[in-house]
Number of protein chains: 2
Amino acid sequence: MRRDSRLSRMLHVLIHMDRIDGAATSDQIAQMLGTNPVVVRRTMAGLRDDGYVHSEKGHGGGWVLTRPLSEITMLDIHRAIGNPAFFAVGVAVDHPECLVEQAVNSALGSAFEAAEKLLIEKFASVTLADLADEFDQRMAKIANKPTCELSR
Amino acid sequence: MRRDSRLSRMLHVLIHMDRIDGAATSDQIAQMLGTNPVVVRRTMAGLRDDGYVHSEKGHGGGWVLTRPLSEITMLDIHRAIGNPAFFAVGVAVDHPECLVEQAVNSALGSAFEAAEKLLIEKFASVTLADLADEFDQRMAKIANKPTCELSR
DNA sequence: GGAATTCGAAACTTTTGTTGTTGCGAGATG
DNA sequence: CATCTCGCAACAACAAAAGTTTCGAATTCC
Ligand code: FES
Ligand code: FES
């Protein structure tokens, strides 16, 4: 099963956007992510609808953050891209008649529920500012600093 | 993303097999699961290779358990079907140069790692006998007992 | 006002992995 | 030998993310 990379991509972009003067075009962002501008717009649309970014058309247009990274959590972004399912494994039938299957579903369900709870707690507890700090620490540590042209 | 139902299906089947006299054919199992015998053989192949079941050809043949449910954990079955990925969400690039992306991967990675650890612990701690017990409790509780013809 | 940017959105195709299907071969049983 | 049953290979169907093409519309620059 293909892994959904939207959360990872959006987190990456938002932190870069915070360090960039002015707007970032979908084209620039697409190059950062190794994809194309249409995919960027599609995914960013959710963030716009939830008020984390704003987009402007025309010359000098593009995407800008509308609130500080410290006020955005990883969970916020997961929700903004549509709350995609965390798990690739699931039950065969949702509400089975078979009592064996009910018992199996119950065991699997409680395990996944606990894991999801953990994920959600973790995601809610980490702000993008935390990630930016983590980035700064990595930046300070190494001499050889790889950055693409887009992040100045 | 489509959910992988193999684990759920195999757990279901194994518990039924334990309550059935003699062998269960792929055809019978397929009817239990609402699928077809080829899919059953394909999935059961992993369990056979790992020694949880044995298959016999010809008249009266089919699948039989080769060890007690108390000696099989949910984790064993997950491994037997090929250790499919638990998560549907992942990072965009595995070993990125970009330090921002590294920071993002690190945060996502540690969250998923913790969740996976929890899942694995839970799965390792539940035997199929536990699930069978759970089934018995459900069975005892209700008057109206739905079972398909196949589970006798 | 016209050209160039840039987003918005619809309508595809591609990709990747599970699931479903068909067909044939090979043992086992009676 | 007829029938049952698994084993295996090859392929079609399906689902969801990702990629692509092609419009239109708003904005800015000249
Ligand atoms: S994409 Fe992160 S430095 Fe260029
Ligand atoms: S499939 Fe579980 S009772 Fe028939």
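Sequence lines set the chain letters: A, B, ... in the order given, protein chains first and strands last, and positions in each chain run from 1.
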- Query: Are any of Arg3(B)'s side-chain N or O atoms less than 4.0 Å away from OP1 or OP2 of dT19(C)?
  - Reply: no

- Whole-Å distance, Arg42(A) CZ to dG19(D) P, equals 9 Å

- Note on the structure: To the nearest angstrom, the CG-C1' distance between Asp49(A) and dC7(C) comes to 13 Å

- Query: Rounded to the nearest Å, what distance is computed from the CG atom of residue Asp27(A) to the C1' atom of nucleotide dT5(C)?
  - Reply: 10 Å

- Message: Can you measure Ile29(A) atom CD1 to dC7(C) atom C1' for me and round it to whole angstrom units?
- Response: 11 Å

- Listed nucleotide nearest any side-chain atom of Thr25(A), set dG19(D), dG7(D), dT6(C): dT6(C)

- Carboxylate-amine/guanidinium contact Lys141(A) Asp136(A), below 4.0 Å: no

- Are any side-chain N or O atoms of Ser5(A) and backbone N or O atoms of Ser8(A), one a donor and one an acceptor, separated by less than 3.5 Å? no

- Closest heavy-atom pair and its distance - Asp50(A), Arg67(A): O-NH2, 4.0 Å

Tabulated below should be each protein N or O lying under 3.5 Å from an N or O of nucleotides 23-28 of chain C; please produce it.
unit_1	atom_1	unit_2	atom_2	d
dG27(C)	N2	Gly58(B)	N	3.2

- Message: Whether Arg9(A) contacts dG19(D) is assessed here as follows: a side-chain N or O lying under 4.0 Å from the phosphate OP1 or OP2. Is that the case?
- Response: yes

- Query: How close or far is atom C1' of dT5(D) from atom NE2 of His54(B), stated in whole angstroms?
  - Reply: 12 Å

- Item | N/O (side chain, Thr35(B)) to phosphate O (OP1/OP2, dT19(C)) under 4.0 Å | no

- Query: For the pair made of CG in Asp4(A) and P in dT15(C), what is the distance, rounded to whole Å?
  - Reply: 19 Å

- Which part of the nucleic acid, if any, lies within reach of Arg6(B) when heavy atoms closer than 4.0 Å are counted: base, sugar-phosphate only, or nothing? sugar-phosphate

- Task: May I have the distance from Met44(A) (atom CE) to dA9(C) (atom P), rounded to whole angstrom?
- Result: 14 Å

- Using the ring of each side chain (for Trp, its six-membered ring), is Phe112(B) parallel, tilted or perpendicular to Phe87(B), with breaks at 30° and 60°? tilted

- Task: Please check the phosphate of dG8(C) (OP1 and OP2 only) for any side-chain N or O of Arg48(A) closer than 4.0 Å.
- Result: yes

- So, is Asn36(B) near the phosphate of dG20(C), with a side-chain N or O under 4.0 Å from OP1 or OP2? no

- Message: Closer than 3.5 angstrom, by distance alone: can the side chain of His78(B) be matched with the main-chain N or O of Pro84(B) as a donor-acceptor pair?
- Response: yes

- Item | Euclidean distance, atom CG of residue Leu47(A) to atom C1' of dC7(C) [Å, nearest integer] | 15 Å

- Pair Asp27(A) + Arg41(A): basic N to acidic O under 4.0 Å: no

- Query: Under 3.5 Å, is there a donor-acceptor pair between the Trp63(B) and Ser26(B) side chains?
  - Reply: yes

- Message: Taking only side-chain N and O atoms of Ser26(A), does any of them lie within less than 4.0 angstrom of OP1 or OP2 on dT6(C)?
- Response: no

- Item | Short side-chain N/O contact to dT5(D) OP1/OP2 from Ser55(B), under 4.0 Å | no

